[in-house]
Amino acid sequence: MQVEITDDFDLKKIADSGQCFRWTRTEGGYRIVAGGHVLEIGKIGDGQQFELNCSEDVYEQFWKHYFDLDLQYAAIRAKIDPERDPYLYKAAACGRGIRILNQNPWEMLITFIISQRKNIPAIRLSVEKLCKLSGNKIDEDNWAFPGPDRLASLPEAQLLGCGLGYRVKYIQRVARAAADGEIDFDRMAKLPDKDLRDELMKLYGVGVKVANCEMLFGFHRLDSFPEDVWVLRLLQEQYPDGFPFSLYRPYNGIMQQYLFWYRRTVQI
DNA sequence: ACTCAGGTATCCT
DNA sequence: AGGATACCTGAG
């Protein structure tokens, strides 16, 4: 099917924004594994027309939400005052097209636990191995992300084989807690941001950074502002008096993505 | 060989 | 409370 997306939507920027690890480049676009589906998506021509190899039904019920197409990012970008915050204005102009995907909170939690002290290719590799090892097979060469019970029952040696190293004990404990129902994602989804963050940080292997990533990318809490080395450096340089969070609530997380993108791609 | 990568737990003052 | 340090592993 084809769809026209008039709001900000740039596949490459989303793919490289560090929120998704199961996108792979294809000839015409990207192959995306999510929610037990595999999607091939590519841009047609120079406009905003896209080709997707799924039915309208699956698009309406899954991918449309996955790409967060009900939220108008252009309108959010327009809140940035070029006079008052020229740096963010430039960053947002540069990062236009980035969106925060709606991804599975369980999958994101494990993925960001894996991410610690790994670079993006290494994260991808570990996640892919994990899926191939214990996820349901979707088609010839794609596997879904394994559920909590599946991961909890995986032998330690197999986890080590996925290149997880010292994170194995974190993953085992979190998977066990999720399989036992101690971590209830549906319940957590109803908590206010602060309570959700506190609860996430009680999990073994989850610190501030992973908790904030899980908030933003797993629970779609768009005000969550993960601070990694890049963003910290940037904040010190560009916002010595502090970032004006109050101006952009409840979308500080989107601003973080623009800043992160700008700092990494343009100003290296 | 050596450093670094979107950190966190743990062990010190 | 706040700072230093160990930790698996793959890539350049």
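Numbered from 1 within each chain, the chains take letters A, B, ... in sequence-line order.
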Novice: Extract, from 5' to 3' on DNA chain B, the first and final nucleotides lying under 4.0 angstrom from some heavy atom of chain A.
Specialist: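 With heavy atoms of chain A under 4.0 Å away, the range is B:dA5 to B:dT10.
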Novice: Closest heavy-atom contact between A:Leu159 and A:Leu154?
Specialist: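 Closest approach of A:Leu159 to A:Leu154: CD2-CD2, 3.7 Å.
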Novice: For the backbone of A:Ala74 and the side chain of A:Arg96, can you confirm whether one donor and one acceptor N or O come within less than 3.5 Å of each other?
Specialist: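 Here the side-chain-to-backbone pair does not exist.
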Novice: Remember a base hit wins even if backbone is also touched, and classify A:Gln19 as base, sugar-phosphate or nothing at under 4.0 Å, heavy atoms.
Specialist: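 If one applies the 4.0 Å heavy-atom cut-off, A:Gln19 turns out to touch nothing in the nucleic acid.
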Novice: Assess whether a salt bridge exists between A:Glu237 and A:Arg263, defined as any Lys/Arg side-chain N lying under 4.0 Å from an Asp/Glu carboxylate O.
Specialist: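 Between A:Arg263 and A:Glu237 there is a salt bridge, with a charged N closer than 4.0 Å to a carboxylate O.
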Novice: Between C:dA4 and B:dG6, how far is it from one P atom to the other, in whole Å?
Specialist: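 Their P atoms lie roughly 23 Å apart.
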Novice: To the nearest Å, give me how far apart NZ (A:Lys118) and C1' (C:dC7) are.
Specialist: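 Roughly 12 Å, once rounded to whole Å.
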Novice: Assign A:Leu203 to base, sugar-phosphate, or nothing according to its heavy-atom contacts below 4.0 angstrom with the strands shown.
Specialist: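 Sugar-phosphate: the residue A:Leu203, judged by heavy atoms under 4.0 Å, touches backbone atoms but no base.
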Novice: Mind checking A:Pro226 for me? I need base, sugar-phosphate or nothing, with any heavy atom below 4.0 Å counting as a touch.
Specialist: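 Contact class for A:Pro226: base.
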Novice: Hey, does A:Arg31 have a side-chain heavy atom less than 4.5 Å from the side chain of A:Asn142?
Specialist: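 Yes; the side chains approach each other to less than 4.5 Å.
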Novice: Taking any heavy-atom pair under 4.0 Å as a contact, classify A:Ser17: base, sugar-phosphate, or nothing.
Specialist: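 It contacts base atoms.
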Novice: So, the side chain of A:Trp106 versus the backbone of A:Pro146: is there a donor-acceptor pair under 3.5 Å, distance only?
Specialist: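 Between the backbone of A:Pro146 and the side chain of A:Trp106 there is a qualifying donor-acceptor contact (under 3.5 Å).
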Novice: Are the aromatic ring centres of A:Phe21 and A:Phe112 under 6.0 angstrom apart?
Specialist: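 Here the rings of A:Phe112 and A:Phe21 have centres that are less than 6.0 Å from each other.
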Novice: Can you check the A:Arg117 CZ to C:dA6 C1' distance for me, whole Å?
Specialist: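 In whole Å, C:dA6 C1' lies 10 Å from A:Arg117 CZ.
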Novice: Reading DNA chain B 5' to 3', how would its secondary structure be written in dot-bracket notation, given Watson-Crick and G-U pairs with both distances under 3.5 Å, brackets [ ] for crossing pairs and | for partners on other strands?
Specialist: .||||.|||||||
Novice: Answer yes when A:Glu199 and A:Arg187 have at least one side-chain N-carboxylate O distance shorter than 4.0 Å, and no when they do not.
Specialist: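 Yes, charged N to carboxylate O under 4.0 Å.
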Novice: In whole Å, I'd like the distance from the NZ atom of A:Lys129 to the P atom of C:dT9.
Specialist: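 Value for this atom pair: 10 Å.
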Novice: Begin with the C-alpha distance, continue with both residues' side-chain angles, and end with the deciding distance and a verdict on ring pair (Phe, Tyr, Trp, His ring centres under 6.0 Å) for A:Phe50 and A:Phe9.
Specialist: CA-CA 10 Å; A:Phe50 292 85; A:Phe9 187 72; 5.0 Å; yes
Novice: When you measure from the side chain of A:Arg221 to the backbone N and O of A:Met215, does any donor-acceptor pair fall under 3.5 Å?
Specialist: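 Flag not set: sc A:Arg221 to bb A:Met215 has no pair under 3.5 Å.
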Novice: Near DNA chain B, which residues from residues 165-176 of chain A have a heavy atom under 4.0 Å away?
Specialist: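 Residues of residues 165-176 of chain A that come under 4.0 Å of DNA chain B are, in numerical order, A:Tyr166, A:Tyr170.
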Novice: Indicate, with a heavy-atom threshold strictly under 4.0 Å, whether A:Phe260 touches base, sugar-phosphate, or nothing.
Specialist: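 Touches a base.
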Novice: Need to verify one output field. Residue with the more 5' nearest nucleotide on DNA chain B, A:Tyr204 or A:Ser115?
Specialist: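 Its nucleotide being nearer the 5' end, the pick is A:Ser115.
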Novice: How is A:Gly18 classified with respect to the nucleic acid when contacts are heavy atoms under 4.0 Å: base, sugar-phosphate, or nothing?
Specialist: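 Counting heavy atoms under 4.0 Å across all strands, the contact made by A:Gly18 includes a base.
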Novice: May I ask you to check whether A:Trp63 and A:Tyr66 place their ring centres under 6.0 Å from each other?
Specialist: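 Yes.
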Novice: Indicate, with a heavy-atom threshold strictly under 4.0 Å, whether A:Val231 touches base, sugar-phosphate, or nothing.
Specialist: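 No contact.
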Novice: What interatomic distance, in whole Å, is found between P of C:dC8 and the corresponding atom of B:dC11?
Specialist: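 Each nucleotide's P atom is 14 Å from the other's.
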Novice: Among A:Tyr248, A:Phe245, A:Tyr239, find the one that has a ring-ring contact (aromatic ring centres under 6.0 Å, His included) with A:Phe225.
Specialist: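 Only match with A:Phe225 under ring-ring contact (aromatic ring centres under 6.0 Å, His included): A:Phe245.
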Novice: Regarding A:Asp16 and A:Lys12, does a basic nitrogen lie under 4.0 Å from an acidic carboxylate oxygen?
Specialist: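 So A:Asp16 pairs with A:Lys12 through a salt bridge.
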